[in-house]
Each structure stands twice: as C-alpha cells, then as structure tokens.
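What follows is a single structure, written as structure tokens, with notes after it.
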Amino acid sequence: MSGFMKMALAATAGAAAAYLFDPVSGRSRRARLSDQAAAGARRTADEAQTRARYEMGRAKGALHEMGADTDYPTDDAELLQKVRSEALGPSRFASSDIEIHVDDGEVVLRGASRDLEAEKDLVQRIEHVTGVRRVRNELSNA
C-alpha cells in the first residue's frame, strides 16, 4: 500500500472516530448507528424467512405436481367426511336430500334429485376428491 493510501485511510478512520466520539453529539450518533444496524439485521432476517417460506411452498408444489401428495384418506369413514366437506359443501344439494355411502373408495349416491345440472356438478366434484376411485350415481329424478 502506498504512503498516500495509508494516510487517506488513517485520515478517514480519524474522522470517523471524531464523528462518533464527539463529546457533544457522539452518544446520539452511536445510538442512531446501533439502531440502524439492528433494523438492518431484522430486515435481513425477515427477508430470509420470507424467502424460505416461498421456497418451501415451491418445493411443496413440485411434490404435489409429481404426485407425491400424501393427502389420501386412510379409510372409508375419512373419505366419506372428505366427500361431504369438499364436494357436498359447495353444492346446491341439501345434505338431507341425498345419502352418501363409501365402500373401498367407491362412492354411492342415493336419494332424490330435482336438478339434473346440480346432480352432474355434484358427481364431478366427488370424482375430483382425492381417494375416490369411482362414483355410482343412484339418484332418482323426482
């Protein structure tokens, strides 16, 4: 390092020390510098957490796309509950209008249907529920 560079570096360090350790305003300058450094560290940590959540969501989505979804019901009772909540919930059928039975992944619909479009919509919704192997529609048109 050349003599000029050493002198410039020493002058800069001296000016910084004089700025931070000034008897009149040095204390408030040091406190402000400390607060700004802490805020920067918090901001960096928040950004890292946000990025980690984003990447975790991307990885979860990639697993879902590959078919590694572990959201399959374990038994018929759980599948029945899943069909009721996911398919029957948003449909135009009242839960008292139809009976739903599940046997080894096969969903059987029984009861009376007054609306053919709503019936088709319900069957499509049930077919898209994870774990349903087949839908047997035994609804009678009243």
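In this text the structure is predicted, and so the values were computed from the model without any measurement.
- Rounding to the nearest 0.5 angstrom, the gap separating the OG1 atom in Thr50 from the CD atom in Glu55 is 12.0 Å.
- To the nearest 0.5 Å, atom CZ of residue Arg136 and atom CD1 of residue Ile126 are 13.0 Å apart.
- Once rounded to the nearest 0.5 Å, the distance linking CG of Leu33 with OH of Tyr19 reads 8.5 Å.
- Using a cut-off of 4.0 Å between Lys/Arg side-chain N and Asp/Glu carboxylate O, Arg110 and Glu99 are scored as not salt-bridged.
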TODO: I would like to know whether Phe21 and Arg29 meet side-chain contact (heavy atoms from CB on, under 4.5 Å); could you show each step before the answer?
DONE: CA-CA 9 Å; Phe21 296 106; Arg29 290 174 183 160; over 6 Å; no
Task: Pair Asp121-Glu117, side-chain contact (heavy atoms from CB on, under 4.5 Å): steps then yes or no - done: CA-CA 6 Å; Asp121 182 53; Glu117 285 298 316; over 6 Å; no
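- What you find for Leu20 and Arg30 is that their closest heavy atoms are O-NH1, 2.6 Å.
- In this structure, CE in Met56 is found 11.0 Å from CD in Gln49, a value given to the nearest 0.5 Å.
- Distance CG/Leu79 to CZ/Arg84: 11.0 Å, rounded to 0.5 Å.
- Listed by first and then second residue, the salt bridge (Lys or Arg N to Asp or Glu O under 4.0 Å) pairs that reach into residues 1-18 come to none, sequence neighbours excluded.
- Across Ile98, Leu109, Asn137, a single residue satisfies side-chain contact (heavy atoms from CB on, under 4.5 Å) together with Glu119, and that is Asn137.
- Note on Arg133 versus Asp104: salt bridge recorded, some NZ/NE/NH1/NH2 to OD/OE distance being below 4.0 Å.
- Note on residues 32-50: no pairs pass salt bridge (Lys or Arg N to Asp or Glu O under 4.0 Å), not counting sequence neighbours.
- To the nearest 0.5 Å, the span separating CG on Leu122 from CG on Asp115 amounts to 11.0 Å.
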TODO: For the pair Val102 and Glu106, evaluate side-chain contact (heavy atoms from CB on, under 4.5 Å) and give the outcome as yes or no after the intermediate values.
DONE: CA-CA 6 Å; Val102 177; Glu106 180 179 23; over 6 Å; no
